[in-house]
Structure formats: C-alpha cells, structure tokens
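No hydrogens, no waters, no symmetry mates; every other heavy atom, side chains included, goes into these values. Labels below follow one simple rule: chain letters A, B, ... track the order of the sequence lines, proteins then strands, and each chain is numbered from 1.
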Amino acid sequence: MTPMSGCSDRLQARNLTLRYDEHTISQGLSVVIPDGSFTVIVGPNACGKSTLLRALSRLIQPSTGEVILDGKAIGMLSAREVARRLGLLPQSAIAPEGITVADLVARGRYPHQSFLRRWSKADERAVAAAMEATDVINLSARLVSELSGGQRQRVWIAMVLAQETPILLLDEPTTYLDIAHQIEMLDLLSDLNQEGRTIVAVLHDLNHACRYASHLIAMKDGCIVAEGKPQCIVTEQVIRDVFGLKCIVIDDPISGTPMVVPRTRHPLKRGKA
Amino acid sequence: MPIAFGRPVVTIRLWGGRVSCHLDLRATSVSAAVLTLCLLVVAVSLMSGAYPASMTEVATALLGRGEEMVMMIVREWRLPRVLLALLFGGALGMSGAIFQSLTRNPLGSPDVIGFAAGSHTGALVVILLLSGGYYETALGALVGGIVTALAVYLLAFRRGVDGFRLIVVGIGVAAMLGAFNAWMIRKADLQVAMSAAVWAAGSLDGLGFEQVMSTVVMLCLAVPPALRLSRPMRQLEMGDDVAMASGVAAGRVRLCLLILGVALTAIVTAAAGPIAFIALAAPQIARRLTRSAGLGLITSALTGALLLVVADWAAQHAFAVHLPVGVMTVSIGGLYFLWLIIREGCK
C-alpha cells in the first residue's frame, strides 16, 4: 500500500487470479487505483498489463478474487452501470468502414442511450465537449480512415471521453505515434487528469511514465513488483528486476523526475566517427 | 454550434426528450426511393405475364372488382408471388447485414458461410430419405440451417468468435456439405432427385397466400428483436473490447444476432429453396447508396426486397424461357463480384 491509496478508493482489485483457458497470467494480484491519480502501468511485453486492465474493466472474469468498483464487486454490476463509471480504450479498437469522426465519437454515448432515447441534448453536449477537449472538433465531418495516426488516436480518446466516466483506462494510447504526438497525447491525458478524472494507462516508455505518472505500477510475470510515486520506486535495481535491463537513473533535466538511461553492450560508439 | 457529422442529419426530440433520434436524411431518402422502385416493379410484375393486364385492370382487380379471370390471375397467382419476393428479399437483405456486421467482412453472408448449404442438406434429407412434402421440406431446411450454424459457431469458437475464423470455417463446412449434397442426389431415384434439384434451384413457383401468411408470422417474430439489437450490433463493429467497455454484453448479443440471422435466411430457404447472393450484395449496395457507416438493417432489407422482385420479374419474363429466380440471383451475384473486382482493380 502506498501513502496515496486506501480502502476508500473507487477502483481496486483483491487477490485476482486471471487466466485465459488453462494459461494463468496473474495470481494473487491486488491493486488499488488511487482516486484522481494518473496511474501508469509499466512492464515487459506479456507481463499481464493489458489483462489487468481488462479485468479492471469487467472484460474478463477473474477465476478467484474480485474487482471492486465503488465498494461493489464489479461482476455484480451490469455492463451498463460499469460503462457509465469506467471507460476503456483497448488496443483492438476498429473504426467501421466509412464512419465519420463525429459518428465514431457519438458511439461513446452508448451506455447513456436507450432504444427510444438515441440522441439527447446531453449526448450532443458530451460529444461536442469531447471533440473540443481532444481538438478534433474541426475534423468532425471527416472520415476516420482519412486521418493521420495521431488524429485517429485523438478521435478514439474523444470517443471514450464522450462516455463521461470519472475513471479512464487506456491500453498503450501512444503506440504507433511519433514522439511529438506521444507528448501531445500524454499532455492531453494529463489535462484530463487535472480536471479530476482518474487515469490509468499502460505505457511502454519509462521516461514518459516517470514524467507523467502520479502513481506508477511496475509489473512482471503477472505480479506487481513495485508501486508508488515514480521518484520513490524507479531505481536501477527495480529496472533491472522488472525489465532485465542495466541502466543508470538520473534526474530528468526538465521535470526532475527519474530518467532511465539504458546501458548497452556498445557504449563507446560515439567517439569513433 | 451544431456538430458537423459529414452528412445531412436532422435531430428529432419528442415528449420533452424522452424520445430522441438522429435522422440521416440521405439514408431516409434512399429508403424512400428504393421503396418507390419496389412498388413500381410490383406493379409491373402484376401486369406482365402470359396474360398481360393493364394498370387499370390490375388496380380494379386488386380492389376486388373487374373480370373474374383477371382477378384470379392478378390476385391469386401474381400477387402472392410478388409479395413473397418482397418479403424474402427483405429477410435475406437483413440477414446479410447482420452476418456482415458480425463478421466485419463483406463476404460474411449466410450463403458464403455455409448456412445455405446446411439448409440444402436438411431439405435433401427430408426429400430423399423421408420423402416429405412441402412443410416437411421447409422444416428440414430450417433445422439443417440452424444445425449448420451451430456447428460452424462451435468449430469457430475459441475464447469468443472471431469474424474471419467464422467465415473460413463456414466456407470449409459449406464445401463439405456441398459434396455430401451431391452424393445424396447421386444416390437417389431419378424422380426424387429431379424434385430435389427443382427445390435446390430456388424458386417462387407454386407459392401462394398460405406461404405469405406463414412468412409474415415468422418475420414478425424475427424482425423486431433484430431491430432492437441494431444498436449493440453497431457497437460490436468496433471490436468486442470496445463494445463490452461501452456496456454491451458482447457474447449474448452476438449469439442472439446469429440466431436471428440464421432464422431470417432459413425462413426463405425453407419456403423457396436457396436464393443466393441477395444476402451478400444487398447490404453492400445499401451501404454505398446511403454512404453511411456500418450496415443498416432497414436499408439492407429494402434493397434486398428490390433486388429480389426485380430478379423474379426478370426470371419470369426477361428471357424466352422461364427461369427459377435462384438462377437469376446467382447471375446477379456474378455481376456483383465482377463489379467488386473492377472497383478494387481501379483503386
């Protein structure tokens, strides 16, 4: 338990066993997502980060243990109730052929709509606000397939924003983006966090994770190895334990957060031109 | 400032916002135009035949007046047939839209993924082994289609059902059933094999008001729940995880849609034999006409209805010989594929 977390936090998991068929991903996994935090999950490929996100958002049922949302087991809540409190942007999102930006963002309103109430004033406001926040309002009439990778990712974020959930989970939201768009995306998530949303994101870039996270979770082989403020947990030893990578950790010259500089097997190339 | 959706839309809110929707003007006008065309073709179909009737003759006959003979030809012979063409075409179009949406693939129609072959097997078993009549054959086709759908679904199941895997498994199952069907026909008496072949060509010949009634009843059972599920179906188009995260019970919705899609195809196959390609082509044509995202159930149904009334009219009157409509739709399907290939080639 870190100082930031407690039993009152809205989203937590207790003693989860997560498995696909016979393949066990995680065992005895407990985690608390501090309210209002920007939580970043890091870890090597296939360490169970995405699986944890899917369990936290009720996409898979744990074989043992439970995910608690607002004090109730998430399995006891209806999919719709969960979708009004917690939004997820998975990696596997597919834009239907021929869909425009506004149409795609509007689909985020699904949990707030019904067979008869398909486009309320609240829907319209939420969709406009979501496109405003992600700066895609000027693209609203464009086809999603015509957009660049960075724009498309912002549209997907707008879709989950339109869902108007206090908690947002994002699985590798910066993958496939160039460095400028990655920073833009993380700044956007940071803004959303400042506005009061709890953000949980899986990221690959450790330095981005250290810079933006208020709460960092490092996973390996389905278990949490370390969690807490990046300043408190990112050490050379932890990085070596989690990623098997030798590195040095220095202060980020801009944010003062830890910055991981990997050691490579060929460190002296620079001098030889 | 209103949101620009990239297409003309009208927002409708009634009863203080208790009922609200987004009306796509293009889809609405396309629907109206297709419906008008349907009615036109219906009128032409009622007029044409070995005994040509004029527009006024048809109109008076429909109102129950005029010559006895014309009344019989128009009302008893031609009207049920053209009504069935509309209903069957609509059912096939809607079924195709459901399957193509579920598989996220324009090839994912019930005739490609093996359900039609399964219906055929069911019907053949009844015709050849149990020497059943019309209703028994219909039941056989229904059971055959559903059993095949179930088999394809289970074979393709691996921690949920992936659209592409469903198509590939379906094509494999369809090929095996096709071989089995051919073997059964070879084994059968000539006489019985002939009647089985007639059924297999897919035809609206010899269907009357009795079939119209039973079809209407069955469509009333299948269509409203399908329309009800059209919203979650849209969410599923974005991937299972996105759909589930937005509150859709993905597994349950997909199973219900599969059952409804199979039922809509089976209703047609049971009565008329396999009528290919309507389910394949109608949703794609509708999508291109409406330029909307995803596949509309209603626009696909209307397009399917138009395709089938036109195909049935052409099968009866456009050539020197009277063809089964199934042969006609297969030809339409060929043209559709050619068009698809040319379009892809031009890209």
Side-chain angles (χ1 to χ4, degrees), chain A residues 20-21 54 57-60 78-84 86-124 127-128 131 137-144 156 159-160 163 169 171, chain B residues 1-24 100-101 104-106 158-160 163 224 227-253 284 287-288 290-295:
Chain A
Y20 290 119
D21 302 330
R54 300 185 82 221
S57 49
R58 196 182 177 275
L59 262 55
I60 50 170
S78 74
R80 202 181 158 89
E81 277 176 284
V82 174
R84 286 180 180 185
L86 182 153
L88 168 77
L89 181 59
Q91 283 185 68
S92 59
I94 305 162
E97 214 187 320
I99 198 166
T100 64
V101 169
D103 277 321
L104 188 70
V105 176
R107 289 195 183 183
R109 293 299 294 167
Y110 181 83
H112 301 275
Q113 296 168 328
S114 67
F115 185 69
L116 291 177
R117 196 195 299 244
R118 291 172 175 225
W119 188 242
S120 66
K121 282 190 178 133
D123 292 333
E124 193 162 345
V127 169
M131 290 197 294
I137 190 99
N138 295 322
L139 306 173
S140 71
R142 298 267 299 276
L143 289 176
V144 174
W156 282 112
M159 192 202 75
V160 278
Q163 208 171 319
L169 313 185
D171 197 355
Chain B
M1 198 187 78
I3 297 168
F5 276 88
R7 54 195 168 80
V9 287
V10 174
T11 303
I12 296 174
R13 295 204 181 98
L14 301 169
W15 293 289
R18 266 188 285 277
V19 174
S20 60
C21 74
H22 225 179
L23 200 63
D24 184 323
Q100 293 178 22
S101 169
R104 302 181 197 112
N105 192 313
R158 204 170 61 202
R159 211 194 293 154
L227 291 178
R228 181 88 216 208
L229 288 176
S230 68
R231 272 176 1 100
M233 185 181 96
R234 291 211 174 304
Q235 298 297 106
L236 278 177
E237 288 170 2
M238 296 186 288
D240 281 16
D241 284 1
V242 174
M244 282 160 81
S246 69
V248 174
R252 187 152 26 105
V253 167
Q284 295 298 321
R287 197 172 73 76
R288 283 180 174 78
T290 57
R291 282 192 216 141
S292 57
L295 303 153

Considering only heavy atoms, which portion of [X] lies under 4.5 Å from any heavy atom of chain B: side chain, backbone, both, or neither?
X        : answer
A:Ser57  : neither
A:Ala95  : neither
A:Gln113 : both
A:Pro90  : side chain
A:Arg54  : side chain
A:Leu86  : backbone

Looking at [options], which one has more heavy-atom pairs under 4.5 Å with chain B than the rest?
options                              : result
A:Ala83, A:Ala122, A:Gly98, A:Ser120 : A:Ser120
A:Val144, A:Leu143, A:Ile94          : A:Ile94
A:Asp103, A:Ile99, A:Leu169          : A:Asp103
A:Ser114, A:Ala93, A:Ala106, A:Pro96 : A:Ser114

Does any heavy atom of chain A fall under 4.5 Å from the side chain of [X], the backbone, both, or neither of them?
X        : result
B:Leu227 : backbone
B:Ser101 : neither
B:Arg104 : side chain
B:Arg13  : side chain

What distance separates [X] [atom1] from [Y] [atom2], expressed to the nearest 0.5 Å?
X        : Y        : atom1 : atom2 : value
B:Met238 : A:Ser92  : CE    : OG    : 11.0 Å
A:Ile137 : B:Ile3   : CD1   : CD1   : 6.0 Å
B:Trp15  : A:Leu116 : CH2   : CG    : 9.0 Å
B:Thr11  : A:Glu124 : OG1   : CD    : 5.5 Å

Mark yes or no for whether [X], through its side chain, and [Y], through its backbone, hold a donor-acceptor pair below 3.5 Å.
X        : Y        : result
A:Arg107 : B:Arg234 : yes
A:Thr100 : B:Gly6   : no
B:Ser20  : A:Arg117 : no
A:Gln163 : B:Ser246 : no

Of all heavy-atom pairs linking A:Trp119 and B:Cys21, the shortest is CB-C, 4.0 Å
Taking every non-hydrogen atom, the tightest pair across B:Ala4 and A:Ser140: O-OG, 2.7 Å
Just so I understand: if I count every heavy-atom pair under 4.5 Å between each of B:Arg287, B:Met244, B:His22 and chain A, which residue has the most? B:His22
Among the listed options B:Gly239, B:Ala249, B:Ala245, the residue most often paired with chain A at heavy-atom distances under 4.5 Å: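 It is B:Ala245.
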Measure the shortest side-chain to side-chain distance between A:Met159 and B:Val242 over non-hydrogen atoms and say whether it is less than 4.5 angstrom.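 Heavy-atom side-chain distance check passes, below 4.5 Å.
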Tell me whether the guanidinium CZ or amine NZ of B:Arg231 lies under 6.0 angstrom from the six-membered ring centre of A:Phe115 and within 45° of its axis.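 Geometry flag: not set, cation outside 6.0 Å or 45°.
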